[in-house]
Amino acid sequence: MKNAFFIYLIIFLTSELCQGRVVQVSKGPLVRVEGQAVSLRCNVSDFEGPSEQDFDWKVFRGNVWVQLISTFDLGFADRSLQGRVDSGDITVERLDGNAVELRIRSLMSADSTTYRCSTPSTDSVIQGNYEADVQLKVIGDSLKVAPSPPPAIVVEGAPLELSCNATRDIVEDAYTQLSVTWSVGSGAELKDILTFGPDGQVKAGARASQRYTDGGIRLILHGGGVYSLVLTEVLPDDGGMYTCTVREWSHEVGGAWQQILERSVEMGEVQVTPTAQSLTVSVGDENATLSVDDTLNLTCSITTGNLAALGLEVTWLMSPTPGGGPVEPQVLVQMSRDGVVEGASDLLGLTRVGAGSFRLLLRGVDRSDAGLYSCRVRAWIRPTGGDWYQAAEKTSSPIWVMVTVKEPVFRVTLLDGVTPQFSGDPTELECRVTDVSQLGNGRLGVSWLYAEATPGDVAASGSARVIASLDAQGNIQPGEGYQERVGTGLLVLSRLKPDSFRLRLLHTMDSDMGAYSCAISAWTPTRQGGWESSKKVHSEPLNVFWTRKSPRVSVAARRLRQASAAGGTFEMSCQVTAQNLQNPSYSVLIQVEETVGGRTRKVLSLSPDSVLELEEWSELDRVVLEKISPKEFRFRLYQVQVSDRGFYSCAVTAWTRDPGPGKVWTKAISSESNKVHIAFEDTGPVFNVSVHSDTSSVSPWETAKMQCIVKVQGTSPNEDDVSYEVKWFLSHWAAQGSSLLASVDRWGVVHKGPRNGSSDCSVERTDARTYRLSVHSAQESDAGQYYCMTTPWTRSPTSTWTRGRDLTSNRIYLTVNFALWDSMQRPLLFGAGVSLAVGILSILLGLICARCCCQNALKMARPHTALSDMEME
Ligand SMILES: *[C@@H]1O[C@H](CO)[C@@H](O)[C@H](O)[C@H]1NC(C)=O
Ligand SMILES: *[C@@H]1O[C@H](CO)[C@@H](O)[C@H](O)[C@H]1NC(C)=O
Ligand SMILES: *[C@@H]1O[C@H](CO)[C@@H](O)[C@H](O)[C@H]1NC(C)=O
Ligand SMILES: *[C@@H]1O[C@H](CO)[C@@H](O)[C@H](O)[C@H]1NC(C)=O
Ligand SMILES: *[C@@H]1O[C@H](CO)[C@@H](O)[C@H](O)[C@H]1NC(C)=O
Ligand SMILES: *[C@@H]1O[C@H](CO)[C@@H](O)[C@H](O)[C@H]1NC(C)=O
């Protein structure tokens with residue numbers, strides 16, 4: 001060995017020094033795997049001669065060099081190797097004029113030996129080396145690659161471990177290393193993800209390098225030949241066929257790694273299910289029916305293959321269904337990815353009760369909570385080292401939540417309190433609620449309804465309209481067309497008791513006839529503090545009718561006093577008869593027509609409030625119009641004059657009081673009476689004469705006074721245009737005929753008649769029409785019937801005096817009394833000093849005188865009483 005070393009050293013030094021031919025082969029020893037190909041390169045430099053050099057390859061076998069192959073001699077190969085050369089298993093390939101390559105396509109273990117490349121000399125001087133050796137070590141193919149098949153389906157976000165078991169036998173003196181490459185795809189699309197080895201290096205593929213840096217791809221060396229690549233979160237485009245490629249490397253002289261074996265094994269196809277596909281969100285399929293105040297308890301169940309890898313954002317949505325279809329969903333409550341709840345309250349809560357269960361609790365539901373409930377889930381993924389991204393959003397199919405109200409139960413009866421008989425009467429209806437249950441803290445309200453109807457209708461025809469309503473809080477809402485009557489209080493709604501309501505029409509009109517009904521609503525308090533109507537029950541309709549009677553009024557005029565002459569008094573009564581009127585009051589107008597059908601003149605009137613008013617009449621002191629009973633009026637006309645003659649009648653108007661606030665009188669109907677005639681002949685003045693005395697008896701010696709009074713009736717003539725002749729007569733009982741006592745002529749001159757007794761008489765005019773007769777010192781002969789006779793003289797407008805008819809007065813009686821009592825009065829008047837004897841004498845005298853006078857008294861007694869009767873007439 002030592003000698004050989006020195007020989008080589010000398011050769012080396014000489015070649016270096018002499019710059020001779022240099023033949024070089026690959027530096028060995030080379031380790032190669034049985035069955036694999038090998039190429040051994042050989043070149044020559046620093047030679048002389050042709051540029052294309054020839055090369056011979058020999059192999060050292062069985063301690064001898066055996067010829068293998070030559071570039072110029074086809075038969076160069078030893079017989080033992082000729083077959084392999086011929087089959088092309090062993091070839092020599094010229095790379096250049098000075099370089100060739102020995103190629104063995106499939107190494108055998110026997111090929112593990114030393115190979116020598118030599119060049120025949122073309123140099124002028126043999127200088128340098130003409131051959132070079134390289135040692136080849138052929139090791140067995142012991143590489144085993146056994147990947148663990150990955151799961152065929154992986155959900156997005158889940159980790160994926162790709163595990164590959166690679167082992168080979170370790171051969172002494174032939175150290176090799178392995179590298180493992182994971183790739184995905186197939187054929188040309190195959191993309192390397194990561195390569196580990198040889199020599200502990202890690203090389204990430206272009207698309208994976210950032211992810212590897214971020215930690216999203218991790219390498220795990222389990223030992224025992226097991227290499228794992230872990231994708232911490234699978235992404236949607238991570239799907240495909242995974243391949244594990246294991247390479248065996250040999251560490252060449254000079255430090256380079258030479259791949260000597262490669263084995264690829266398909267690990268398996270991996271399909272990535274996107275979260276959107278695997279995510280299911282459900283709130284169950286059972287519709288919920290709750291009662292008011294119940295608790296709504298809904299669970300949002302989320303399933304997905306990679307629940308743990310997801311950040312979940314859960315939102316409960318609700319679409320109220322007011323009457324028609326659902327409206328836009330509203331967010332009720334929401335839980336963010338990191339568990340923060342938004343929108344929760346005392347009544348509303350959202351909690352996570354399991355990995356994929358989110359519970360919504362809504363306490364004390366009311367009707368506004370009814371609707372469609374759904375759960376919206378947003379799934380977020382954060383790849384290791386990366387940012388959150390939303391992988392999926394899904395909303396469950398909604399379920400119906402129905403909230404039923406425990407409806408109050410009650411019955412409604414409509415009763416008629418007061419039914420009108422006439423237009424204008426009040427109407428009173430009562431709406432009574434009975435058999436109430438389940439009202440709780442609810443309240444009742446009422447709506448009064450009216451529908452037109454005819455008396456025959458059993459039920460109301462046509463649609464009912466609201467008169468007015470009273471709600472739970474007592475607010476009154478008048479219906480269309482009733483505002484004014486409600487406002488003025490003519491239509492009154494009231495709550496008599498919590499369960500009894502009344503409608504009053506103070507003044508029912510004809511147009512109010514129809515069918516009435518009431519509708520009771522039950523109001524329940526809402527969560528917001530208001531009230532909502534939960535149930536309505538209608539009563540049976542009730543008909544309100546009366547026979548419509550037209551009011552009638554008539555008036556009859558009746559004469560009470562006839563003015564038969566001018567100056568008289570006319571009196572007329574107006575009697576009213578009325579029908580079908582409610583509490584009427586009458587106004588009266590007295591009117592007069594001079595001729596039938598002629599001009600009508602209004603005299604005076606009395607209003608329904610009894611205010612008297614002169615119409616076309618000026619003398620208030622001559623007319624009177626009085627109401628003497630509600631239905632009777634009296635008209636009086638004093639001092640009837642010629643111009644007052646005519647046909648008098650009364651016009652009566654019936655008034656009813658309007659129910660309005662002003663209580664004004666409304667004219668109902670009018671009527672005129674028959675006509676009463678004031679008619680008399682214009683006879684000029686009429687005279688009447690009478691006598692009058694204050695006393696009918698006088699004592700003897702006393703003076704008797706009597707007046708003869710002339711009265712003028714009818715048109716009274718002027719004082720200057722009339723004068724009177726007056727005569728006084730006395731008619732004795734005993735004698736026939738009368739004797740003239742005295743007379744006054746029309747110029748006032750007094751004449752006395754002849755007288756027999758001691759008495760005297762005189763006549764004097766005490767005023768224009770009174771003539772007084774005085775009988776002085778009356779005697780018995782003066783007793784008798786006195787009367788006077790008057791003859792009026794009137795002066796016509798032509799100043800001619802006309803003598804009127806003789807007028808005889810009534811008669812009055814005068815007695816001259818020697819009465820007993822008169823005699824007795826004297827002693828009593830003169831006191832107690834008069835003696836009893838004088839008294840007795842006086843009585844005796846009285847008795848004697850009485851006997852004489854009794855005859856006279858008896859004679860006069862009968863006519864006296866008869867005359868008294870006459871006077872009374
Ligand atoms: C000849 O071969 C050796 C080893 O293979 C190499 O290092 C060298 O560069 C080659 N020379 C030429 C001129 O090709
Ligand atoms: C790897 O493969 C070798 C050879 O087939 C075997 O002995 C070994 O148990 C395998 N290791 C694992 C972890 O499967
Ligand atoms: C839930 O209620 C709705 C509306 O009432 C109805 O259309 C649907 O069929 C119900 N679903 C179930 C499962 O009862
Ligand atoms: C909600 O319902 C679930 C099951 O359906 C039950 O376990 C839970 O106690 C209920 N929660 C309430 C507050 O009622
Ligand atoms: C005259 O007057 C008296 C009493 O006043 C009466 O009774 C009588 O009828 C009158 N005579 C005439 C013609 O008017
Ligand atoms: C007076 O007496 C005479 C004779 O006795 C008698 O005729 C006459 O009528 C009386 N006259 C009167 C006024 O009485």
Side-chain angles (χ1 to χ4, degrees), residues 279-304 307 311-379 393-410 436-444 472 521-536:
L279 181 70
T280 65
V281 180
S282 153
V283 290
D285 50 7
E286 294 265 312
N287 285 342
T289 303
L290 305 172
S291 298
V292 163
D293 280 343
D294 284 358
T295 296
L296 176 64
N297 180 355
L298 295 176
T299 305
C300 180
S301 304
I302 300 161
T303 61
T304 171
L307 201 54
L312 295 175
E313 180 186 311
V314 176
T315 307
W316 276 96
L317 301 169
M318 197 277 260
S319 313
T321 52
V327 298
E328 269 306 287
Q330 300 162 2
V331 172
L332 274 183
V333 62
Q334 183 164 349
M335 186 186 278
S336 73
R337 278 197 311 252
D338 43 11
V340 176
V341 178
E342 242 179 82
S345 68
D346 290 351
L347 297 173
L348 179 67
L350 172 58
T351 45
R352 189 169 194 166
V353 291
S357 297
F358 292 82
R359 181 163 298 152
L360 172 78
L361 280 180
L362 176 55
R363 293 186 183 80
V365 295
D366 74 8
R367 293 214 294 182
S368 64
D369 295 322
L372 284 170
Y373 283 73
S374 53
C375 170
R376 185 182 70 200
V377 174
R378 289 189 177 131
E393 172 176 328
K394 230 168 224 181
T395 304
S396 72
S397 40
I399 63 158
W400 289 84
V401 171
M402 282 156 281
V403 179
T404 57
V405 177
K406 277 184 209 133
E407 285 208 324
V409 179
F410 52 87
V436 184
S437 65
Q438 293 183 10
L439 182 60
N441 53 354
R443 290 192 200 163
L444 299 174
S521 332
W523 296 76
T524 44
T526 65
R527 213 163 48 197
Q528 289 75 31
W531 292 88
E532 67 179 1
S533 169
S534 56
K535 190 173 183 187
K536 203 168 205 181

Trainee: For D293, enumerate each residue passing the side chain to side chain contact (heavy atoms under 4.5 Å, CB included) test, keeping only those at least two apart in sequence or located in another chain.
Mentor: none

Trainee: Applying salt bridge (charged side-chain N to carboxylate O under 4.0 Å, His left out), can you list everything that pairs with R378, at least two apart in sequence or on another chain?
Mentor: E313, E393

Trainee: If we only count heavy atoms from C-beta on, is the V281 to T395 side-chain gap below 4.5 Å?
Mentor: no

Trainee: In the structure I gave you, are the side-chain heavy atoms of V314 and R352 within less than 4.5 Å of one another anywhere?
Mentor: no

Trainee: Sequence neighbours left out, cut at 3.5 Å: what donor-acceptor pairs do the side chains of residues 353-370 make with other protein atoms?
Mentor:
from	atom 1	to	atom 2	distance (Å)
R359	NE	N297	OD1	3.4
R359	NE	T299	OG1	3.4
D366	OD1	S368	N	3.0
D366	OD1	S368	OG	2.6
R367	NH2	S533	O	3.3
D369	OD1	R527	NH2	3.3
D369	OD2	D366	N	3.0
D369	OD2	R527	NH1	2.9
D369	OD2	R527	NH2	3.3

Trainee: Mind listing the closest non-hydrogen atom pair of W523 and L444 along with its distance?
Mentor: CD1-C, 4.3 Å

Trainee: List the residues meeting side chain to side chain contact (heavy atoms under 4.5 Å, CB included) with P329, not counting sequence neighbours, and say none if there are none.
Mentor: L317, S319

Trainee: According to disulfide (SG to SG under 2.5 Å), does anything in residues 331-368 pair up with another residue at least two apart or in another chain? List the pairs.
Mentor: none

Trainee: Closest heavy-atom contact between V283 and S397?
Mentor: CG2-O, 3.5 Å

Trainee: The criterion is side chain to side chain contact (heavy atoms under 4.5 Å, CB included); which residues satisfy it with R443, sequence neighbours excluded?
Mentor: A472, Q473, W531

Trainee: Name all residues meeting the side chain to side chain donor-acceptor pair (under 3.5 Å) criterion together with T280; count only those two or more places apart in sequence or in a different chain, and write none if there are none.
Mentor: T303

Trainee: Table please: side-chain donor-acceptor pairs of residues 337-346 below 3.5 Å, with sequence neighbours left out.
Mentor:
from	atom 1	to	atom 2	distance (Å)
D338	OD1	S336	OG	2.4
S345	OG	L347	N	3.2
S345	OG	L348	N	3.2

Trainee: How long is the straight-line distance from CE of M318 back to CG of L296, given to the nearest 0.5 Å?
Mentor: 9.5 Å

Trainee: Within a strict 4.5 Å, meaning less than it, do heavy atoms of the W316 and C375 side chains meet?
Mentor: yes

Trainee: Is it true that a side-chain atom of S282 and a backbone atom of G284 form a donor plus acceptor pair closer than 3.5 Å?
Mentor: yes

Trainee: Which atom names give the shortest non-hydrogen contact between L350 and Q334, and what distance separates them?
Mentor: CD2-C, 3.9 Å

Trainee: Going by side chain to side chain contact (heavy atoms under 4.5 Å, CB included), name the residues that satisfy it together with S291, two or more places apart in sequence or in a different chain.
Mentor: D294, T404, K406

Trainee: Would a distance-only check, ignoring hydrogens and angles, find a side-chain to backbone donor-acceptor pair under 3.5 Å from K535 to P408?
Mentor: yes

Trainee: If you measure from CG on L290 to CG on N287, what distance do you get to the nearest 0.5 Å?
Mentor: 11.0 Å

